[in-house]
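Okay, so here's the structure we're looking at.
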Amino acid sequence: MGHVSAAAWLLAGYGVLMILVAWAFDRIARRGAIRSAAWRTGNFVYHDDHDAWKCHEDQWLWPVSFDAEKRVIRYQGQHEICGRCPVKDTCSPTPGPRELTRPIDPWPHSETGRFHRGIALVVCLLGGLMPLVQIFDSHTPAEALLLGSVTVAAVALAAPLARHLWNQPVNYPEHLPTEAGPLVETTRPALPDVETLIDRYATTWRTERTTPSEKDTA
């Protein structure tokens, strides 16, 4: 096959290092997004089967609307329950009930996520571009094979990073009222109001709710 020069080994190693750095950067950015989401939700527990959040006081926050511009579902607690909650001041100091949002698209479809994913993709491709350019200056078939292998590896590992940037999300929850944004459709039929949605979810999963009459008799 021929001799492989030290320069070729160093260039191949540098390319591999850039690929590893790109993937490590992407993983770190993903973990940061998860921690940020946990901080915003106050570690409330999301129940996928209910499509609702449960707070530390075992009360539910139900979906009330969909923000088409930010592509998040907004969840809200019940006024009568949040208003008399013993931890209201620390949980939601505003006059209204506690609100949460949940993105409907997987990471990295947020603006910050796409920025970090784009950086990782560029670094990964650069890790394969430099060996590719050096192939034309290689003196032996062994050097060309080594550098070509790094280039192929870079392209193969860059494909998963680019996949989420190519595919644009189009799904949205049609059962929720849509806030102002690019996906608003004027021909969409009227949707039930917030109290109707809460009643429907509470009936479906038999969630105990306190009615005004029960509160007055308590």
Side-chain angles (χ1 to χ4, degrees), residues 26-27 29-85 87-118 163-211:
D26 186 75
R27 293 296 180 89
R30 181 193 296 267
R31 291 182 180 180
I34 294 175
R35 294 194 189 98
S36 178
W39 179 83
R40 291 195 306 269
T41 58
N43 291 321
F44 283 22
V45 180
Y46 176 72
H47 294 260
D48 184 67
D49 54 342
H50 288 45
D51 187 22
W53 295 83
K54 179 174 282 190
C55 72
H56 306 303
E57 299 296 314
D58 291 329
Q59 300 297 331
W60 292 99
L61 281 74
W62 302 106
V64 294
S65 65
F66 171 61
D67 188 329
E69 182 176 359
K70 297 181 180 179
R71 294 189 58 79
V72 297
I73 298 178
R74 299 191 184 279
Y75 299 78
Q76 188 178 88
Q78 301 175 47
H79 287 268
E80 63 271 19
I81 293 179
C82 286
R84 65 171 186 271
C85 180
V87 295
K88 175 69 168 62
D89 294 338
T90 57
C91 178
S92 178
T94 59
R98 176 63 185 267
E99 294 185 356
L100 292 177
T101 60
R102 181 179 68 86
I104 66 172
D105 304 315
W107 194 90
H109 280 306
S110 67
E111 182 178 353
T112 303
R114 292 173 66 86
F115 174 76
H116 288 99
R117 174 58 64 86
R163 186 177 300 117
H164 290 296
L165 297 180
W166 292 333
N167 299 329
Q168 295 294 328
V170 296
N171 60 309
Y172 61 92
E174 299 184 8
H175 65 283
L176 294 176
T178 305
E179 300 177 9
L183 297 181
V184 174
E185 300 177 11
T186 56
T187 58
R188 185 176 301 173
L191 295 169
D193 56 16
V194 174
E195 288 298 324
T196 302
L197 286 170
I198 293 176
D199 289 338
R200 176 167 65 84
Y201 278 101
T203 301
T204 303
W205 290 288
R206 294 180 174 84
T207 303
E208 296 184 9
R209 300 178 57 215
T210 303
T211 61

Distance in Å, Cys82 SG paired with Glu57 CD, rounded so as to fall on 0.5 Å steps
10.0 Å
Any side-chain heavy-atom pair of Arg30 and His116 under 4.5 Å:
no
Mind checking side chain to side chain donor-acceptor pair (under 3.5 Å) for Thr94 and listing every partner two or more places apart, or none if nothing turns up?
Ser92
Can you tell if the side chain of Val87 reaches within under 4.5 Å of the side chain of His56, non-hydrogen atoms only?
no
Only counting residues at least two apart or in another chain, list the ones meeting salt bridge (charged side-chain N to carboxylate O under 4.0 Å, His left out) with Arg74.
Asp67, Glu179
Which heavy-atom pair separates His79 from Pro97 by the least distance, and what is that distance?
CE1-CD, 3.3 Å
Does the ring of Phe44 carry Arg98 above it, NZ/CZ under 6.0 angstrom from centre and within 45° of its axis?
yes
Nearest 0.5 Å please: distance from the CD atom of Glu99 over to the OG atom of Ser65.
8.0 Å
Taking every heavy atom of Cys55 against every heavy atom of Leu61, the minimum-distance pair comes out as CB-CD1, 4.3 Å
Can you label the angle between the Trp62 ring and the Trp60 ring as parallel, tilted or perpendicular, going by 30° and 60°?
parallel
Note, Phe66 side chain near Ile104 side chain (heavy atom, < 4.5 Å):
yes
Step by step, would you call His47 with Lys54 a side chain to side chain contact (heavy atoms under 4.5 Å, CB included)?
CA-CA 8 Å; His47 294 260; Lys54 179 174 282 190; 3.9 Å; yes
Looking at Leu100 and Thr41, what are the two nearest heavy atoms and their distance?
CD2-CA, 3.6 Å
Between atom NZ of Lys70 and atom OG1 of Thr101, what is the distance when rounded to the nearest 0.5 Å?
8.0 Å
Residues in side chain to side chain contact (heavy atoms under 4.5 Å, CB included) contact with Tyr46, at least two apart in sequence or another chain
Asp48, Asp51, Trp53, Tyr75, Arg102
